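The basis for the numbers below is simple: all heavy atoms, side chains too, and nothing from hydrogens, waters or symmetry mates. None of the values given here were measured: they were computed from a predicted structure.
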Amino acid sequence: MFNTLMFKELSDVIRNSSKVVIISHANPDGDAMGSSLGLYFFLKKLGIAAKIIVPNDYPMFLAWMPSIDDVVIYDKNTTLAYEVLNEADLFCYLDFNTESRTGLMHNDLCHFSKTSKVLIDHHIGADFSKFEAVISETNISSTSQLVAEFIKYHGFNDYLDKDIATCLMVGIVTDTGSFAHSVDMTTFNICGELLSTSIDYKQIHQNIFDNSSENRLRLLGFLIKDRMTVLNEYNTAYIYASKSDLEDYKYQVGDTEGVVNYPLSISNIRMSVLITERQGAIRLSFRSKGTFSVNDLAKKHFNGGGHLNAAGGTLTNCTLEQAIDKLLSILPEYQKMLTE
């Protein structure tokens, strides 16, 4: 299934580098952190100095992951992050393919246009021209699975261990919604290989999904009870969260992770949208069932994109009310596709 030439090209670039910085997107999720840490451990086994930088903090339910304290968080330690970037001879972009996805970190990355870059990603819309090597497979469950395939190319027997397997399993489990979508035989085959290291999958799952604060659970209940609207004529539901809503429940990074999936449990709902008021912007998360493409919708109307059934978008210079109005105004355009 995979073109081994792309694995060889990436391997050659990495092996000719001495200091690699692994970079992922703003609001890093389980796949961003899992793939980054998995690659980090692998590069260390190759004898290559590696660092991870993420634009802002990761969800607290991932704080248990191996060596996660080694990750440099840009908006908390910008000076150190810039020093790390300045010393690197290779940037490895993971789980995103356009630099604007790194938020405020984008400005600093623009200063390093001459630094070599490689890409490992599974999202639609990449411009490959700026990269020395690329692994991009949009039909694969997660970037963590792609990292696993890259390590397998070098030989699992030589490199796979419990730390790598744990991190990559986190990425695969979270990005597939516990294997609910975007999976095929290769996904399960890779997970079988990861399990062969005797990782404690039950504990991993518990650490991810049974590791909420009381405030996070109460926020979820509030959003479903008081902030969810069901539009049966469009087989669509949306949930919104204002800045004050999040403050009332002492919001921490990651507290709204997965909320967008809940309306899809309603039998007739084909699209779910979570609209949150963030610092100076409105963030929208889209999920869908079946063949309805939220990627196309997010790209056309909300400056975003992603996958067929999972996408995101952002509106700036816009209020929460205006964002909701915009969503409602475009739904008639998609009514037939959502209800047929």
Colleague: Is the H181-H307 ring centre distance short of 6.0 angstrom?
Modeller: no
Colleague: Only one of V259, N261, L284 forms a side-chain contact (heavy atoms from CB on, under 4.5 Å) with L274, so which one is it?
Modeller: V259
Colleague: Is the closest side-chain heavy-atom distance between P55 and H106 below 4.5 Å?
Modeller: no
Colleague: State which residues pass salt bridge (charged side-chain N to carboxylate O under 4.0 Å, His left out) with K289; sequence neighbours excluded, sorted by chain then number.
Modeller: none
Colleague: For N189 and E193, test the side chains for any donor-to-acceptor distance below 3.5 angstrom and give the result as yes or no.
Modeller: no
Colleague: How about S213 and N215: does a side-chain donor come under 3.5 Å of a side-chain acceptor?
Modeller: no
Colleague: Charged N to carboxylate O under 4.0 angstrom, K162 versus D200?
Modeller: no
Colleague: Other members of the hydrophobic cluster containing M185, with the 4.5 Å side-chain heavy-atom rule, please.
Modeller: none
Colleague: Can you tell me how far the CG atom of L94 sits from the NE2 atom of H25, to the nearest 0.5 Å?
Modeller: 9.5 Å
Colleague: Specify the closest pair of heavy atoms between S288 and V294, including all atoms of both residues, with the distance to one decimal.
Modeller: CB-CG1, 3.6 Å
Colleague: Once you round to the nearest 0.5 Å, how far does OH of Y234 lie from CD1 of I330?
Modeller: 10.5 Å
Colleague: Determine the minimum heavy-atom distance between E99 and T102, stating which atoms define it.
Modeller: O-OG1, 2.6 Å
Colleague: Keeping to residues at least two apart or across chains, list the salt bridge (charged side-chain N to carboxylate O under 4.0 Å, His left out) pairs with something in residues 296-313.
Modeller: K300-E333
Colleague: Determine the interplanar angle of the Y82 and H111 rings, folded into 0 to 90°, and report it as parallel if under 30°, tilted if 30 to 60°, perpendicular if over 60°.
Modeller: perpendicular
Colleague: Taking salt bridge (charged side-chain N to carboxylate O under 4.0 Å, His left out) as the test, write out the residues that go with K8, two or more places apart.
Modeller: D12
Colleague: Does E214 have any salt bridge (charged side-chain N to carboxylate O under 4.0 Å, His left out) partners at least two apart in sequence or in another chain, and if so, which?
Modeller: R218
Colleague: Report the distance from atom NZ of K117 to atom OH of Y93, rounding to the nearest 0.5 Å.
Modeller: 4.5 Å
Colleague: Is the Y159 ring parallel, tilted or perpendicular to the F42 ring (thresholds 30°, 60°)?
Modeller: perpendicular
Colleague: Mind jotting down which residue pairs meet the salt bridge (charged side-chain N to carboxylate O under 4.0 Å, His left out) criterion with at least one end in residues 268-287? Sequence neighbours excluded, please.
Modeller: none
Colleague: Would you say H122 and S136 make side-chain contact, with heavy atoms under 4.5 Å?
Modeller: no
Colleague: Could you grab the distance from atom CG of D121 to atom CD1 of I140, nearest 0.5 Å is fine?
Modeller: 12.0 Å
Colleague: Distance-only criterion, 3.5 Å: show the donor-acceptor pairs between side-chain atoms of residues 142-152 and protein atoms not counting sequence neighbours.
Modeller:
| residue | atom | partner | partner atom | Å |
| --- | --- | --- | --- | --- |
| S142 | OG | Q145 | N | 3.1 |
| T143 | OG1 | D95 | OD1 | 2.8 |
| S144 | OG | D31 | OD1 | 2.7 |
| S144 | OG | S35 | N | 3.2 |
| Q145 | OE1 | S141 | OG | 2.7 |
| Q145 | OE1 | T187 | OG1 | 2.9 |
| Q145 | NE2 | T186 | OG1 | 3.0 |

Colleague: Classify the ring geometry of F302 against F286: parallel below 30°, tilted from 30° to 60°, perpendicular beyond 60°.
Modeller: tilted
Colleague: Using 0.5 Å steps for rounding, measure from the CG atom of N309 to the CG atom of L264.
Modeller: 9.0 Å
Colleague: Among pairs that include at least one residue of residues 248-258, which meet side-chain hydrogen bond (donor to acceptor under 3.5 Å, both in side chains), considering only residues two or more places apart or in two chains?
Modeller: none
Colleague: Under 3.5 Å, side-chain donor or acceptor atoms of residues 67-76 against the rest of the protein: list the pairs with distances, not counting sequence neighbours.
Modeller:
| residue | atom | partner | partner atom | Å |
| --- | --- | --- | --- | --- |
| D70 | OD2 | Y40 | OH | 3.2 |
| Y74 | OH | D108 | OD2 | 3.1 |
| K76 | NZ | D57 | OD2 | 2.7 |

Colleague: Centres of the F188 and F179 rings: under 6.0 Å?
Modeller: yes
Colleague: Kindly write out the residues that satisfy side chain to side chain contact (heavy atoms under 4.5 Å, CB included) with R227, not counting sequence neighbours, or none if the list is empty.
Modeller: F222, L223, I239, Y240, D245
Colleague: Taking only residues two or more places apart in sequence, or in another chain, which ones meet E83 in a salt bridge (charged side-chain N to carboxylate O under 4.0 Å, His left out)?
Modeller: none
Colleague: Pairing donors with acceptors under 3.5 angstrom, does anything connect the side chains of D127 and N97?
Modeller: no
Colleague: Please list, chain by chain and in numerical order, all residues satisfying side-chain hydrogen bond (donor to acceptor under 3.5 Å, both in side chains) with N27, sequence neighbours excluded.
Modeller: N56
Colleague: Aromatic rings H301 and Y334: how do their planes relate, parallel, tilted or perpendicular, breaks at 30° and 60°?
Modeller: perpendicular
